[in-house]
J.: 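Sharing a structure, written as structure tokens. Questions coming.
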Amino acid sequence: MELPLNLAQQSAEAFLKTFENLYEHTPWFVEKSLPLVLADKKYNSLEKFHELLSNIMLNADSDLQDNLIVAHPTLAGKKAQNNELTDFSTNEQKSAGLSDCSDSEIELFEELNREYFAKFDFPFIMAVKEKNKSDIISQFKERKDNSKNQERSNALDEINKIAWLRIKEIYGI
């Protein structure tokens with residue numbers, strides 16, 4: 001796989017296609033990065049490329065950030081059960097064991113998701129790759145008492161962690 005700058009120089013279309021799903025159903029972060037990547041060779045560093053994308057997302061209008069947050073699926077939710085997730089989300093949830101939940105675990109996740117959404121008006125977001133069900137449940141319980149602003153900030157941080165993990169997956173790191 002070509003590094004970001006090299007890929008962008010070869011084909012803008014290939015660059016956009018490769019990275020379009022780093023941010024769940026929100027390809028415009030990558031679209032906005034393209035001219036910046038083309039303008040600076042430092043973006044052949046995956047860390048610098050991720051930093052650029054993170055800054056674009058964190059400096060975006062709050063409505064765009066909110067749209068990104070609500071674009072994320074619930075963990076072990078209906079979309080997962082109906083195989084309606086992106087490939088990245090499917091793999092991430094599977095790696096955390098969320099595709100192998102018992103009926104009681106599904107009920108627990110549904111309850112946690114409902115309670116969280118009722119309080120914060122957006123889904124619980126956590127970079128679940130390299131985590132397990134217990135880690136996720138603990139985070140649900142730990143974060144449920146936060147303020148909406150704290151959880152919005154947590155969601156954006158977790159989304160950037162997810163993007164980094166997805167970059168690593170693309171490059172087999």
J.: Side chains of Q65 and R152: any donor to acceptor distance under 3.5 Å?
T.: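 Yes, a side-chain donor-acceptor pair sits under 3.5 Å.
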J.: Salt bridge or not between E169 and K129? Use side-chain N to carboxylate O under 4.0 Å.
T.: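 A salt bridge links E169 with K129.
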J.: Does either side chain, that of E110 or that of N113, offer a donor lying less than 3.5 Å from an acceptor on the other one?
T.: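 E110 vs N113: no donor-acceptor pair found between side chains.
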J.: With salt bridge (Lys or Arg N to Asp or Glu O under 4.0 Å) as the criterion, how do K133 and E105 come out once you've worked through the C-alpha distance, each side chain's angles and the decisive distance to 0.1 Å?
T.: CA-CA 9 Å; K133 292 180 237 183; E105 288 172 327; 3.0 Å; yes
J.: Under the ring pair (Phe, Tyr, Trp, His ring centres under 6.0 Å) definition, can you give me all pairs with a residue in residues 123-145, not counting sequence neighbours?
T.: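 Qualifying pairs, neighbours excluded: Y116-F124, F124-F140.
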J.: Are L112 and L108 close enough that some pair of their side-chain heavy atoms sits under 4.5 Å apart?
T.: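 In contact.
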J.: Please examine the side chains of H50 and L46, heavy atoms only from C-beta on, and report whether any two atoms are closer than 4.5 Å.
T.: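 Counting from C-beta outward, L46 and H50 never come under 4.5 Å.
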J.: Please determine whether the number of non-hydrogen atoms from other residues, nucleotides or ligands lying under 6.0 Å from atom CG of D103 exceeds 12.
T.: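 No, because the 6.0 Å sphere around CG of D103 holds 12 heavy atoms or fewer from other groups.
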J.: Do I125 and F117 belong to the same hydrophobic cluster, where Ile, Leu, Val, Met, Phe, Trp and Tyr are linked whenever their side-chain heavy atoms lie under 4.5 Å apart, directly or via other members?
T.: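 No, no single cluster joins them.
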J.: Is any side-chain N of the basic residue among K168 and E47 closer than 4.0 Å to the acidic one's carboxylate O?
T.: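 The answer is no: the pair does not qualify as a salt bridge.
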J.: Closest heavy-atom contact between L53 and V30?
T.: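 Shortest heavy-atom contact: CD2-CA, 4.1 Å.
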J.: Where is the tightest heavy-atom contact between A14 and S11, given as atom of each residue plus distance?
T.: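 Closest approach of A14 to S11: N-OG, 2.9 Å.
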J.: Using modelled atom types only, decide if a donor and an acceptor are shared between the side chain of Q150 and the backbone of S147 within a distance under 3.5 Å.
T.: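 Flag set: sc Q150 to bb S147 pair under 3.5 Å.
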J.: Of the options F49, Y43, F88, which is the one that meets F19 in a ring pair (Phe, Tyr, Trp, His ring centres under 6.0 Å)?
T.: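 Running ring pair (Phe, Tyr, Trp, His ring centres under 6.0 Å) over F49, Y43, F88 with F19 returns exactly one hit, F49.
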J.: So, E158 and K161, do they make that salt bridge, N to O below 4.0 Å?
T.: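 The answer is yes: the pair qualifies as a salt bridge.
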J.: Should L38 and F29 be regarded as members of a common hydrophobic cluster, given that ILVMFWY residues are connected when their side-chain heavy atoms come within less than 4.5 Å of each other, either directly or indirectly?
T.: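 Yes.
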J.: Within a reach of under 6.0 Å around NZ of K17, are more than 12 heavy atoms found that belong to other residues, nucleotides or ligands?
T.: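 At most 12 heavy atoms, drawn from other residues, nucleotides or ligands, come within 6.0 Å of this atom.
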J.: With sequence neighbours left out, what residues match K41 under side chain to side chain donor-acceptor pair (under 3.5 Å)?
T.: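 In terms of side chain to side chain donor-acceptor pair (under 3.5 Å), with neighbours along the sequence ignored, K41 is linked to no residue.
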